[in-house]
Amino acid sequence: MARVRLDNITQQFGKTIAVQDISFEVPDGEFWVLVGPSGCGKSTLLRTIAGLEPVTAGDLYIGDRRVNDLTARQRDVAMVFQNYALYPHMTVAQNLAFGLKMRQVSKDEQQQQIQQVARSLDIEHLLDRKPGQLSGGQQQRVALGRRSPVSPSFSPR
């Protein structure tokens, strides 16, 4: 995981200012949570960091690299959406492997990462199940586990 720094980020949609002049830094290896009332800009800010929304003003850095003009794919950032966005026709293992396949990671490396993530999230016993057979909390852990590649220090707890 790399440091994320926002310098005076503003996000505007037409005449509506959704986020104005936000600055903060999430140090490498730290886990932060955005909390606030509905409509305050939490999702907009996360979508901006992930590259799903263009930066209107300010500078966004991942590591030491300014990423304002990079696509979502180039940023290598993942989001876990409220509805989990799991593929219902795929098993947990297949859902975990999906991003790795898209990145053309070898099958051996996919299996290694799936096992590592499943162990970290305590979902090893669920790898052959489909999302409809999981509780909400289990689905959330699968959605978290889809983030790849996994660093040796990966720990969602």
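Hydrogens, waters and symmetry mates are skipped; everything else that's a heavy atom, side chains included, is used.
The line from CZ of Arg5 to CD1 of Ile62 is 12.0 Å long, rounded to the nearest 0.5 Å. Separation of atoms CD (Gln94) and NE2 (His89) is listed at 7.5 Å; rounding is to 0.5 Å. Remark: Glu53 CD to Gln12 CD distance equals 13.0 Å, nearest 0.5 Å. One distance of note links CD1 of Ile49 with CG of Leu6; it measures 4.5 Å at 0.5 Å rounding. The line from CG of Leu46 to CG of Leu34 is 5.0 Å long, rounded to the nearest 0.5 Å. For the atom pair CD1 of Ile123 and CG of Leu144, the computed distance is 9.0 Å after rounding to the nearest 0.5 Å.
Nearest heavy atom pair, residue Leu52 against residue Ala72, reads CD2-CB, 4.1 Å. Scanning both residues, Leu86 and Pro131, for their nearest heavy atoms gives CB-CG, 3.9 Å. Closest approach of Gly63 and Ala2 over heavy atoms only: N-CB, 3.8 Å.
Clustering ILVMFWY residues whenever any of their side-chain heavy atoms sit less than 4.5 angstrom apart, transitively, puts Met102 in a cluster other than the one holding Val105. Grouping the Ile, Leu, Val, Met, Phe, Trp and Tyr side chains by contacts below 4.5 angstrom, directly or via other members, places Trp32 with Ile9. Taken together through direct or relayed side-chain contacts under 4.5 Å among Ile, Leu, Val, Met, Phe, Trp and Tyr, Met90 and Leu127 form parts of separate hydrophobic clusters. Both Phe31 and Val35 sit in one connected hydrophobic cluster of ILVMFWY residues. Membership requires side-chain heavy atoms under 4.5 Å apart, directly or through other members.
Between the side chains of Gln11 and Thr44, no donor N or O sits under 3.5 Å from an acceptor N or O.
Side chain of Arg75 to main chain of Val67: a donor-acceptor pair is present (N/O by atom type, distance under 3.5 Å, no hydrogens or angles). Using modelled atom types, no side-chain atom of Asp128 and backbone atom of Thr91 make a donor-acceptor pair closer than 3.5 Å. In this structure a side-chain-to-backbone donor-acceptor pair under 3.5 Å is missing from Arg129 to Leu134. With hydrogens and angles disregarded, no donor-acceptor distance shorter than 3.5 Å links the side chain of Gln115 to the backbone of Gln112. Side chain of Lys42 to main chain of Pro37: a donor-acceptor pair is present (N/O by atom type, distance under 3.5 Å, no hydrogens or angles).
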Can you list, pair by pair, the side-chain donor-acceptor contacts under 3.5 Å of residues 16-26, counting residues two or more places apart and other chains?
unit_1 : atom_1 : unit_2 : atom_2 : d
Asp21  : OD1    : Asn8   : ND2    : 2.6
Ser23  : OG     : Asn8   : N      : 2.7

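Open room surrounds CZ on Arg65; 12 or fewer heavy atoms of other groups in view lie less than 6.0 Å from it.
Residue pairs meeting the ring-ring contact (aromatic ring centres under 6.0 Å, His included) criterion with at least one partner in residues 98-126, sequence neighbours excluded, are Tyr87-Phe98.
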- Item | side-chain hydrogen bond (donor to acceptor under 3.5 Å, both in side chains) assessment of Ser106 paired with Glu109 | CA-CA 5 Å; Ser106 73; Glu109 180 66 18; 5.5 Å; no
- Task: Could you check Gln110 against Leu96 for side-chain contact (heavy atoms from CB on, under 4.5 Å), going step by step and ending with a plain yes or no?
- Result: CA-CA 9 Å; Gln110 286 178 37; Leu96 292 175; over 6 Å; no
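A salt bridge links Arg103 and Asp76; the closest N-O separation between the charged side-chain nitrogens and carboxylate oxygens is under 4.0 Å.
Contact of the Asn95 side chain with the Lys130 side chain is not registered, since no non-hydrogen atoms from C-beta on lie closer than 4.5 Å.
With side-chain heavy atoms closer than 4.5 Å counting as contact, directly or through intermediates, Tyr61 stands alone and belongs to no larger hydrophobic cluster.
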